[in-house]
Amino acid sequence: MLSEPRSGRLASWGNALLAGLVSPDEAVLEIVGDDAVHRVEGLPGESAPVGLTLALGRLRTLGVNGLRVALPAPGHPLGLSGPPEFNARALDAEEAVLCHGAAWGLVPEVYEAGPDGDVHVEVVWHVLPVREAPPADVPSLGEAERELAEALRDATEVLSRLDVAGSGPMAEAAIDAYRARAERGREVLAPGYPPRAVRVLELAQRVGLLVSLAYENGHGGAMSASEMGARAAALRPVERVARRAQVAAYNSVVEERERGVR
C-alpha cells in the first residue's frame, strides 16, 4: 500500500489515453514509471510479447473502451469477475487490470535483477480471457469515502489505546513526508478523473500507509495475547477498506460512464 500498484498506473493512464486526453508516449511513460520496461504477452493477434504502445492500441481495436483495477487478497476477490484461472493468477500477483468492452484481463509478472539500489525491473503483462460480469465487492466513491473515514477513526482509537506503533506523532510525520514526496513526484491520477476520486485515492493511500507502519513496527505496546489479537482485528478491516477505496477510485471513470454520468 505504500506505492501505486502497477495495475493502478496502467488503468489510470490507459483510461486517459482511451479518452484522448494524453498521448501514447505520455501514457506509456507514466505507466512504466521507475521500471525499465513493460511488455504485453498473449495479446490476440500477436505471437510474441509487444510493447505497451502497440498493446494499448490493439486493445482499443478489440473494443476496449475502459480499464478497471482489481486488488484481490486471500478470501477477498476484490474487483475480479472470473473465471477461476484468471482469478488465481490475479491473486498470486495481488493485482490485475480488467478490460471494459472486451472480455480480457491483464496480470503483471515482475522480474527483478541487480543489487540493492540498482535493481533492474521488467514487467510482463499476461493477457487472459475474463468473464463479463460485475467486478466483486467494488464500492462507489461515496461509499468508499465514508468507509475510510469510519475505519480510520475506529482503528486509530483502538491502536492508540493499545499504544501501537503507527498511531502516534512519528507515524504522522512519516505519512506527511511520504505524501510530500508523492506530490512532488507524480500525479495521483491521470487526467479525466473526478476530483472526488483523487481525494478518495489520497486518503486510501494514507490509511494504507498507517496500516503498513503499524505492521512493520511489530506489536508496539500490545504485549498480551488479547491485546495483540485486538490490534490485528483493528488493522484487518482497515486494510480491506483501503484496498476497496483504491479500486473504487481507479475504476470511477468506467463506473461513471456506465451510469451515464459522463
Practice item. Considering only NZ, NE, NH1 and NH2 on the basic side and carboxylate oxygens on the acidic side, decide whether Arg39 and Glu122 come within less than 4.0 Å. Key: no

Exercise for review: Scan for salt bridge (Lys or Arg N to Asp or Glu O under 4.0 Å) pairs involving residues 81-107, sequence neighbours excluded, and state none if there are none.
Suggested key: none

Review point. Under 3.5 Å, is there a donor-acceptor pair linking the side chains of His76 and Arg243?
Key: yes

Exercise for review: Taking all heavy atoms of Val40 and all of Ala55, pick out the closest pair and write down the distance.
Suggested key: CG2-CB, 3.4 Å

Revision key, fill the gap. Heavy atoms of Val64 and Cys99 approach each other most closely as CG2-CB, 3.7 Å

Point to revise | Non-neighbouring partners of Ser252 that pass side-chain hydrogen bond (donor to acceptor under 3.5 Å, both in side chains), sequence neighbours left out | key: none

Review point. Are Val254 and Trp104 in one and the same hydrophobic cluster, where Ile, Leu, Val, Met, Phe, Trp and Tyr link if side-chain heavy atoms are under 4.5 Å apart?
Key: no

Check your understanding: Any sub-3.5 Å donor-acceptor pair from Arg244's side-chain atoms to Glu143's backbone N or O?
Key -> no

Point to revise | Set of residues satisfying salt bridge (charged side-chain N to carboxylate O under 4.0 Å, His left out) with respect to Arg196, sequence neighbours excluded | key: Glu145

Point to revise | Reported CG-to-CG distance for the pair Leu141 and Leu201, which is rounded to 0.5 angstrom | key: 10.0 Å

Practice item. Hey, could you give me the CG/CD distance between Leu203 and Gln246, rounded to the nearest 0.5 Å? Key: 11.0 Å

Check your understanding: Is Leu56 linked to Leu29 within one hydrophobic cluster, defined over Ile, Leu, Val, Met, Phe, Trp and Tyr using a side-chain heavy-atom separation of less than 4.5 Å?
Key -> no

Check your understanding: Closest approach of Leu189 and Ala249, non-hydrogen atoms and distance?
Key -> CD1-O, 4.4 Å

Check your understanding: Do the side chains of Pro77 and Asp137 get nearer than 4.5 Å, heavy atoms only?
Key -> no

Point to revise | salt bridge (charged side-chain N to carboxylate O under 4.0 Å, His left out) partners for Glu46, two or more places apart | key: Arg58

**Study point:** N/O donor-acceptor pair under 3.5 Å between Ser12 side chain and Ala190 backbone
**Key:** yes

Point to revise | Flag side-chain contact, heavy atom, 4.5 Å: Val124 against Pro49 | key: no

Check your understanding: Got a second to check how far Glu4's CD is from Leu10's CG, nearest 0.5 Å?
Key -> 11.5 Å

Practice item. With the side chain counted from C-beta on, respond yes when Val37 and Val32 share a heavy-atom pair under 4.5 Å apart, and no when they do not. Key: no

Review point. Shortest non-hydrogen contact from Pro134 to Ser81?
Key: O-CB, 4.2 Å

Check your understanding: Between the side chain of Arg68 and the main-chain N/O of Gly79, is any donor-acceptor distance below 3.5 Å?
Key -> no

Practice item. Using the test salt bridge (charged side-chain N to carboxylate O under 4.0 Å, His left out), find all partners of Arg6 that sit at least two apart in sequence or belong to another chain. Key: Asp35

**Study point:** Closest approach of Pro24 to Thr53 (non-hydrogen atoms, all atoms of both residues)
**Key:** CB-CG2, 4.1 Å

Check your understanding: Just by distance, do the side chain of Ser7 and the backbone of Val97 share a donor-acceptor pair under 3.5 Å?
Key -> no

Check your understanding: Among the clusters formed by ILVMFWY side chains lying less than 4.5 Å apart, do Leu21 and Leu67 turn up in the same one?
Key -> no

Check your understanding: Does Ile31 share a hydrophobic cluster with Val121, counting links as ILVMFWY side-chain heavy atoms below 4.5 Å and allowing steps through other members?
Key -> yes

Review point. Which residues, ordered by chain and number, are linked to Leu98 in its hydrophobic cluster, where ILVMFWY side chains connect at heavy-atom gaps below 4.5 Å, directly or through other members?
Key: Leu80, Phe86, Val107, Leu128, Val130

Review point. Minimum heavy-atom separation for Val200 to Ala245, with atom names?
Key: CG1-O, 3.7 Å

Practice item. State whether a side-chain donor-acceptor pair under 3.5 Å links Tyr193 with Asn15. Key: yes

Exercise for review: Drop me the distance from Arg257's CZ to Asn65's CG, to the nearest 0.5 angstrom.
Suggested key: 5.5 Å

Check your understanding: Is there a path from Leu18 to Val127 through hydrophobic residues (I, L, V, M, F, W, Y) whose side chains come within less than 4.5 Å of each other?
Key -> yes

Exercise for review: Report yes if the side chains of Arg9 and Glu30 come closer than 4.5 Å at any heavy-atom pair, otherwise no.
Suggested key: no

